[in-house]
Amino acid sequence: MRLSKYFIPTLKEIPSDALIPSHQLMLRAGMIRSLGAGVYSFLPLGYRIIKKVMDVIRDEMDAIGGQEFHLPALNPLELWEETGRAKDFGDTMFHLKNRPLVLAPTHEEVICQIAKNHIKSYRALPQIWYQIQMKFRNEPRPRSGVIRGRQFFMKDSYTLDATWEGLDKGYELHAEAYKKIFTRAGLKYFIVGASSGAMGGSASQEFMIESESGEDTCAVCDHCGYAANLEVATSNIPKAQREKESKEIQEIHTPNVGTIDELKEFLKVDERFLAKSLVYMQDKTPVLILMMGNDQLNETKLRAVLGADVRPCRQDELLMLTGADAGSIGPIGLQGFKIIVDKRLKGGNNLISGANKNDYHLGDIDLQRDVKVDGYYDLRIINAHEPCSKCNSPLRIVNAIELGHIFKLGTKYADAMHAYYLDEDGKEKPIIMGSYGIGVERMMACFIEQNHDKHGIIWNKALTPFHVHLVMVNSNNEKVVSVAENLYTKLQQSLIDVLFDDRDDVSPGFKFKDADLLGIPLQIIVGEKNVIHGNVEMKDRRTSKREIVELGKVVSFVEKYLES
RNA sequence: CGGGAUGUAGCGCAGCCCGGCUAGCGCGCUUGCCUUGGGCGCAAGAGGUCCCGGGUUCAAAUCCCGGCAUCCCGACCA
């Protein structure tokens, strides 16, 4: 491709709306342009890279037996009502105004519908179906360039199985394929256990890259490799120590003490003797939740215990139900409450908690003696430096970007849509599904986040838009022009993708800057000072190492480089 | 959806408080000359709904009201 004819509008200055490196560089390198919040046009160079990413994904999906589909983005609203997900997605799904159609944010329903109509026997299972297609989500706040957009490419795949062992196998195949995809794409990633959320199902893992601009938070152990989304992460933080003697409950006057920190200061006691109370509503049942000290409640963990519909109790409800305001609530003397306790408090005695009377607390509560506990669960958000639950090394808390997510769905969709097959005994059974996604633009953006310097992007061989960047330095020098033109032809004849900077109206410095910005990993620099000796210069974009190569050996040099 | 900021040429910005002459600067763009190993120089040009609508005023980019858009923080995020 001749740069003089190719549409690559590079920018010298950084557009002010772009804050993170990948977004800035994608704009500056002429790969994308914004059309509206969270909506991007891919220009020719950017789309070339998208296609490279898709190639890698497609290759590995085909390798595990995936069959590529192309499913419609327009879906009947009715289909989404069948599974109840029209309501679950709510405003996140785009609805058309002039027909009862929606723009699909994912494709479980469509897949399940096809399976329902055509998979009638266990003999037709298992199946791995996938597609790489545009997804639409009405994100309330798109951000970080293409990392969170309102429309984006996703590779989504689905396993259909007759047995739970089959699901496990399909899930494992995907986990392995994903590792290969991200490794080939040159991404430094880690895998975390994740919440399966409203997708339902039993197991779920996310493929993440660590990034300051990430929207997810993960706990990571650098020692043993444990990593988990904070939604589900656990640690070995010390539990309550039961004291030898349980003292008698006593009322303590605590005027103007609201928060745990104030209580700690007022009573001069260790945080681990304090039991913080929170009240949530599970349908019409109030639930009192006890946490140790100032431990924060993890709502994802809470929902896993109580169901998705729990909500924090309102202030007016709180006063009516307990007779006190937040800050003076406690587990003693409540009527009609369910009481659940964070595991960390298990066995605790001589604890201090609210008295359900404003400005009073109760001291020396023994959970075993005084409280009817409906269950102990892990409910807390872990903090940095807490000991790893596997190896006790201090955990790090990092921001991360989710590149891929794999789910064991089970029969949720088959049940809702009556997608049944006949098993060996002629019995009707629901098809067991798994669902697996990769964000295509995110792979591209994350690669740039991890591979750039102050001059621009540094592609690797798998994702680079062209194999080599041929820079003709002195376009007024006949010898240089003829050598560069000749090389361009020869390289193309050897099936090497060349971006040829043949512009004659641009100074050498400009060409070098553009080459570094675009980041093609190997630059061939044809300039006067080397050409007169029958040589050209090879520059490695990543290391900036330069090597002088004889003209006749350029093609074989490049071929060797590409194979290495 | 709550909080904050911004909106002036393709891009980056100044001007706005404190209303007033033809709305300005850098980059980019066009033309000519020049230059050719790190965003080159000189000269001449083109390019504007000052986000939109309303109001105040002799006079509005500037003040007031309403709206829209974009970005950031938070909430949300299968």
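Chain letters run A, B, ... following the sequence lines, proteins first, then strands; residues in each count from 1. This structure is a prediction, so every number in the text was calculated from the model and none was measured.
- The aromatic rings of A/Phe42 and A/Phe153 lie tilted to each other, with the angle between the two planes from 30° to 60°.
- In this entry B/rA44 has B/rU30 as its Watson-Crick or G-U wobble partner, both defining distances falling under 3.5 Å.
- For A/Ser16 and B/rC71, the shortest distance from a side-chain N or O to OP1 or OP2 is not below 4.0 Å.
- Following rounding to the nearest Å, A/Leu19 (CG) and B/rG12 (P) show an atom-to-atom distance of 12 Å.
- Going from atom CG of A/Leu43 over to atom C1' of B/rG10 covers 14 Å, rounded to whole Å.
- Comparing B/rC63 with B/rC18, their C1' atoms sit 11 Å apart, to the nearest whole Å.
- Atom CD1 in A/Ile20 sits about 16 Å away from atom C1' in B/rC73, given to the nearest Å.
- Both distances falling under 3.5 Å, in either a Watson-Crick or a G-U wobble arrangement, occur for no nucleotide opposite B/rA9.
- In this entry B/rA14 has no Watson-Crick or G-U wobble partner, no candidate having both defining distances under 3.5 Å.
- Atom CD of A/Glu402 is separated from atom C1' of B/rC77 by 10 Å (rounded to the nearest Å).
- The 5' end of RNA chain B is approached more closely, in terms of each residue's nearest nucleotide, by A/Gly36 than by the other of A/Gly36 and A/Gly437.
- Side-chain contact of A/Ser157 with A/His174: a donor-acceptor pair under 3.5 Å is present, judged by distance alone.
- Across all strands shown, the partner of B/rG74 is B/rC1, judged by Watson-Crick or G-U wobble contacts whose two distances both fall under 3.5 Å.
- Nucleotides B/rA14 and B/rC34 have their C1' atoms positioned 32 Å apart, rounded to a whole Å.
- Distance A/Ile147 CD1 to B/rC71 P: 14 Å, rounded to the nearest Å.
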Hey, can you pull the donor-acceptor pairs under 3.5 Å for the side chains in residues 464-473 of chain A, sequence neighbours left out?
unit_1	atom_1	unit_2	atom_2	d
A/Thr464	OG1	A/Phe466	O	2.7
A/His467	ND1	A/Asp497	N	2.9

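- No side-chain donor from either of A/Gln133 and A/His70 sits under 3.5 Å from a side-chain acceptor of the other.
- Remark on RNA chain B: of its neighbouring residues A/Pro140 and A/Ala37, the 5'-side contact belongs to A/Ala37, judged by nearest-heavy-atom nucleotide.
- Here the separation of B/rC65 from B/rU56, taken at their P atoms, is 15 Å to the nearest Å.
- When the P atom is used for both B/rU36 and B/rG20, the distance is 49 Å, rounded to whole Å.
- Atom CZ in A/Arg148 sits about 14 Å away from atom P in B/rC71, given to the nearest Å.
- Among the heavy atoms of the strands lying under 4.0 Å from A/Met154 is at least one base atom, whether or not backbone atoms are also near.
- Defined by atom type and a distance below 3.5 Å, a donor-acceptor pair is missing between the side-chain atoms of A/His107 and A/Tyr130.
- Rounded to whole angstrom, the span from the CD atom of A/Glu139 across to the P atom of B/rC1 amounts to 15 Å.
- Distance noted for atom C1' between B/rC40 and B/rC51: 38 Å (whole Å).
- For the P atom pair drawn from B/rG28 and B/rC72, the interatomic distance equals 28 Å after rounding to whole Å.
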**OP:** Summarise how protein sits on nucleotides 32-46 of chain B as a single string, 5' to 3': B when a protein heavy atom is under 4.0 Å from the base, S for sugar-phosphate-only contact, - for no contact.
**Re:** ----BBBB-------
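- Taking side-chain N and O atoms only, A/Arg141 has a distance below 4.0 Å to OP1 or OP2 of B/rC73.
- At a threshold of 4.0 angstrom between heavy atoms, the contacts of A/Thr83 with the nucleic acid are absent.
- Look at B/rC58: its Watson-Crick or wobble partner, with both distances under 3.5 angstrom, is B/rG20.
- For B/rG26, its base sits under 3.5 Å from the side chain of A/Glu13 at one donor and acceptor pair at least.
- Both cation-pi conditions hold for A/Lys408 and A/Tyr171: the charged atom is under 6.0 angstrom from the six-membered ring centre and inside a 45 degree cone around its axis.
- The closest side-chain heavy-atom distance from A/Arg442 to A/Leu187 is not below 4.5 Å.
- Counting to the nearest Å, the P atom of B/rG28 and the CZ atom of A/Arg33 are 16 Å from each other.
- B/rG66 and B/rC71 have their P atoms separated by 24 Å, given to the nearest Å.
- Taking the six-membered ring wherever Trp is involved, the centroid distance between the rings of A/Tyr158 and A/Trp129 does not fall below 6.0 Å.
- Pairing for B/rG39 is absent, with no Watson-Crick or G-U wobble pair whose two atom distances lie under 3.5 Å.
- B/rA46 and B/rC27 have their C1' atoms separated by 16 Å, with the value rounded to a whole Å.
- Under the 30°/60° scheme for interplanar angles, the aromatic rings of A/Phe207 and A/Phe182 are found to be tilted.
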